[in-house]
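Just so we're on the same page: letters track the sequence lines, and every chain starts at 1.
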2 protein chains.
Amino acid sequence: MRHRLKDVAERAGVSVKTVSNVVNGYAHVRPDTRARVEEAIAALNYRPNLSARNLRKGRTGVIALAVPELDIPYFAELARHVVTAAAELGWTVLIDQTGGAREQERVVASGITDHLIDGLIFSPLALTADDLVNLDGTPMVLLGERVDHGPADHVVIDNVAAAREITAHLIGLGRRRVAAIGSQRTPEGASARLRLDGYRAALEEAGLGYDEALVAPAPVWHRADGAVAMRHLLDSGVRPDAVFCFNDTLALGALRALYEAGLRVPEDVAVAGFDGIEDGRFSVPTLTTIAPDKERIARLAVELLANRIDGDRSAPARELSAPYRLEPRESTLGR
Amino acid sequence: MRHRLKDVAERAGVSVKTVSNVVNGYAHVRPDTRARVEEAIAALNYRPNLSARNLRKGRTGVIALAVPELDIPYFAELARHVVTAAAELGWTVLIDQTGGAREQERVVASGITDHLIDGLIFSPLALTADDLVNLDGTPMVLLGERVDHGPADHVVIDNVAAAREITAHLIGLGRRRVAAIGSQRTPEGASARLRLDGYRAALEEAGLGYDEALVAPAPVWHRADGAVAMRHLLDSGVRPDAVFCFNDTLALGALRALYEAGLRVPEDVAVAGFDGIEDGRFSVPTLTTIAPDKERIARLAVELLANRIDGDRSAPARELSAPYRLEPRESTLGR
DNA sequence: CCTGGTTTGTACAACGTTGTAGTCAACGTT
DNA sequence: AACGTTGACTACAACGTTGTACAAACCAGG
């Protein structure tokens, strides 16, 4: 049985609005009145109807987080932090899975969730800036760099610098044939492009040539794709002595393929990933990676969104950068 | 700029209700009227206000999924399937993280999400049947077996039989000192209790004694806890030749600890897990596990909830069982 | 050409909440 | 004693939608 303000009001012998005032913490309510109302609220187990409140206020208290897939650990970990950060500001998070499909992403971006959400935190894979023009004004914060300088707020990490740093780490270990796994030819694969740029920059800085044959594409970045790409590299006869995988799941797949091929990591081939997922701390061997500060990313995104929702919606788009850390582990250092 | 039924009505030269009828597919609208209205809807990019619709209809089209932690792979994978299954029935899923804390779980169960959701799919860790009496009628489906025969619908898998089967698999390989990792003494740890029962049953069936010293507790079931428990077993000098871990993340931690101790898997110690998470297909070695049919679990849960929401709310609680499969891999079979 | 039923459309109220405007009493100031 | 100010509360309307009740236009059959 659900009760309404009216039921509480009748029980407490006051007007509906007074109950509303108590619920919302309005100051000018006599203590004894407040007590009576609170007693009635407790007795009836009253809970406000959010639909009605939203209708009246034009706010829902819900934000959406759209990610490609929840069972990619990076996104799951990110989601956890977003939910936590949002909860601190009194928001509930509704999670959308886009599957990374452009059409689905466009539907989400154009507000499929309708008036149910106050704002959107969006980690797009396939979406381009063009797809974003059609927004009907729902505030949005983008994560990652796939949509370069679109019309919305961004939280990014410096993919180029991070990729360069981890590639330099491999080179610093004395490796000379450093492969890369995860390149993408599609115009949407901006993260892949940036990480490839960083990889290339590090090679050139070290005076090593860029060799197309050492770069293996991966249309999707799952474990299985990493394993396939690694096998492909080994079969092609190029014999790398190190691999930089553009994310951690690719790297875990690559580790698996190397194990199956009877190669030792890092003695024969050093392996590095990107994302800093929890798995990498327990894999055999543990995985060297670039660990973006996910908590910070989530917090910045939520704060940007809050500013946009509560503040000036026509203010120019902001771009904030989150820090990352190189975490060297067994897959490059050995035990 | 957001438009309302009224705006569309004015543009099409009809009443608000007629637009509403078009939007809701009401049959008796003349084709030319319908066309005019649809033109206006398209021109204004009209989207219904869900808060208002919900207020009027008493339905929100949103269900919640409450899980302990999203970055435990099992729950992330489950969440993905629930989101997919719900989408097919036109529902949006709101994901709640309870952290497995009893207080938080109670808050969620008692309807923190208020009138925003039509129903709840709940995978509780710490909650007991007593905590569930206070529901204000929001339909709920429980996953797992932590709350035995509570007042709500359940989707379960046969934990005892599954645990017995995988333990028997270890024994069938000739192992005689089969340890277990993940027991819990708290009254809430029902899954742990059931899996321990299955483990014990398999031992007795094989004529092997149950040895308390071979059972390592793990208050939480993360990778790190599995590693700690495994180290503890090794240090205690009991020297198992196989380990059944009560979930896969514990098992991955155990694999890691065995690797650090210089022991070979499965030659020295065979390892088995429970949950069938994706990681287990790519770990070194790959992980033998019990794989519950998560897609089926999600689908059954969504269907049970749908029946409860649309149908008779006072019907007796139903309990459905989902199948599982033993998946033997390298961690017990070798390569 | 009337009758009775169906089709197509409209007006109004209601869902539960909160913002605005207002009432009335108590208070302090001049 | 008359005044404005403040505190405590209430009545009413509105948020955008849809169910109910009804009116008008249309159709078929006699």
Side-chain angles (χ1 to χ4, degrees), chain A residues 1-38 40-41 44-62 90 111 113-118 136-138, chain B residues 1-38 40-41 44-62 90 111 113-118 136-138:
Chain A
M1 230 331 233
R2 287 236 129 126
H3 296 279
R4 302 155 298 156
L5 281 182
K6 195 176 170 212
D7 304 316
V8 178
E10 277 166 11
R11 189 175 220 272
V14 296
S15 78
V16 170
K17 189 63 215 291
T18 298
V19 180
S20 171
N21 286 339
V22 169
V23 170
N24 291 285
Y26 181 66
H28 302 301
V29 179
R30 262 207 321 263
D32 61 316
T33 310
R34 183 182 298 276
R36 262 202 343 279
V37 170
E38 275 165 353
I41 287 177
L44 298 177
N45 190 28
Y46 167 78
R47 224 70 66 60
N49 180 319
L50 293 191
S51 285
R53 177 179 285 176
N54 298 340
L55 175 59
R56 181 64 238 229
K57 298 232 237 189
R59 289 284 179 79
T60 67
V62 176
T113 33
D114 299 297
H115 299 250
L116 259 189
I117 59 165
D118 294 339
D136 42 7
T138 304
Chain B
M1 228 333 234
R2 287 244 130 124
H3 295 280
R4 303 154 297 156
L5 281 182
K6 197 177 169 210
D7 304 315
V8 178
E10 277 166 11
R11 188 176 220 273
V14 296
S15 78
V16 170
K17 188 64 215 288
T18 297
V19 180
S20 171
N21 286 339
V22 170
V23 170
N24 291 287
Y26 182 65
H28 301 301
V29 180
R30 259 205 325 262
D32 62 315
T33 310
R34 182 182 297 275
R36 265 202 341 279
V37 169
E38 274 166 353
I41 287 176
L44 298 178
N45 189 28
Y46 167 77
R47 224 73 65 61
N49 181 320
L50 293 189
S51 285
R53 178 178 285 176
N54 298 341
L55 174 58
R56 183 62 238 234
K57 298 231 240 192
R59 288 284 178 81
T60 67
V62 177
T113 35
D114 300 299
H115 299 251
L116 257 189
I117 60 166
D118 293 339
D136 42 9
T138 304

Undergrad: Mind calculating the distance between CG (B/Asn54) and C1' (D/dG16) to the nearest angstrom?
TA: 11 Å
Undergrad: Within the distance-only criterion (no hydrogens, no angle test), does the side chain of A/Asn24 pair as donor or acceptor with the backbone N or O of A/Ser20 below 3.5 angstrom?
TA: yes
Undergrad: Whole angstrom is fine here: how far is it from CG in B/Asp7 over to C1' in D/dT17?
TA: 13 Å
Undergrad: Should the side chain of B/Lys17 and the base of C/dG9 be counted as holding a donor-acceptor pair, with the cut-off at 3.5 Å?
TA: no
Undergrad: Figure out the CZ/C1' separation between A/Arg53 and D/dA14, and round it to whole Å.
TA: 17 Å
Undergrad: Under 4.0 Å, counting only non-hydrogen atoms across every strand here, what does A/Val16 touch: a base, just sugar-phosphate, or nothing?
TA: base
Undergrad: Is any side-chain heavy atom of B/Arg4 closer than 4.5 Å to a side-chain heavy atom of B/Val8?
TA: no
Undergrad: Return the 5'-most residue of the pair B/Thr33, B/Leu55 with respect to DNA chain C, ranking by each residue's nearest nucleotide.
TA: B/Thr33
Undergrad: Under the 3.5 angstrom rule, does the side chain of B/Arg36 hit a backbone N or O of B/Ala12 as a donor-acceptor pair?
TA: yes
Undergrad: Scan A/Asn24 against the nucleic acid and name what it touches under 4.0 Å (heavy atoms): base, sugar-phosphate only, or nothing.
TA: sugar-phosphate
Undergrad: I want to verify a distance call: between C/dT8, C/dG16, C/dG9, whose nearest atom is closest to the B/His28 side chain?
TA: C/dT8
Undergrad: For B/Lys6 and C/dA11, give me the distance from atom NZ to atom C1', rounded to whole Å.
TA: 14 Å
Undergrad: Let me confirm one number: the CG-CG distance from B/Leu50 to A/Leu55, rounded to the nearest 0.5 Å.
TA: 11.5 Å
Undergrad: So which nucleotide does C/dT30 pair with, by the Watson-Crick or G-U wobble rule with both distances under 3.5 Å?
TA: D/dA1
Undergrad: Of the nucleotides C/dT8, D/dT17, D/dT18, which has the atom closest to the B/Arg4 side chain?
TA: D/dT17
Undergrad: Mind calculating the distance between CG (B/Leu5) and C1' (D/dA14) to the nearest angstrom?
TA: 16 Å
Undergrad: Compare side-chain N and O positions of A/Thr18 against OP1 and OP2 of D/dT10 and report whether any pair is under 4.0 Å apart.
TA: yes
Undergrad: Rounded to whole Å, please give me the gap between CD in B/Glu10 and C1' in D/dG16.
TA: 14 Å
Undergrad: Check for a donor-acceptor pair, side chain of B/Asp118 on one end and backbone N or O of B/Gly61 on the other, with a separation under 3.5 Å.
TA: yes
Undergrad: Taking the nucleotide of DNA chain C with the closest heavy atom to each, which residue, B/Asp32 or B/Arg56, is nearer the 5' end?
TA: B/Asp32
Undergrad: For C/dT7, does either OP1 or OP2 sit under 4.0 Å from a side-chain N or O belonging to B/Arg30?
TA: no
Undergrad: Starting at atom NE2 of A/His3, determine the distance to atom P of C/dT17, rounded to an integer number of angstrom.
TA: 12 Å
Undergrad: Measure the spacing between OG1 of B/Thr18 and OH of B/Tyr26 and express it to the nearest 0.5 Å.
TA: 10.0 Å
Undergrad: Just N and O in the side chain of A/Tyr26: are any of them under 4.0 Å from OP1 or OP2 of D/dT10?
TA: no
Undergrad: Go through D/dT17, C/dG16, C/dG9 for me and flag the one nearest to the A/Ala52 side chain.
TA: C/dG16
Undergrad: Can you tell me the distance, in whole Å, between the CG atom of B/Asn49 and the P atom of C/dC15?
TA: 18 Å
Undergrad: Which is more 5' along DNA chain D, the nucleotide nearest A/Val19 or the one nearest B/Ser20? Just name the residue.
TA: A/Val19
Undergrad: Checking contacts here: which listed nucleotide (C/dT10, D/dC9, D/dG16) is nearest the side-chain heavy atoms of B/Ser15?
TA: C/dT10
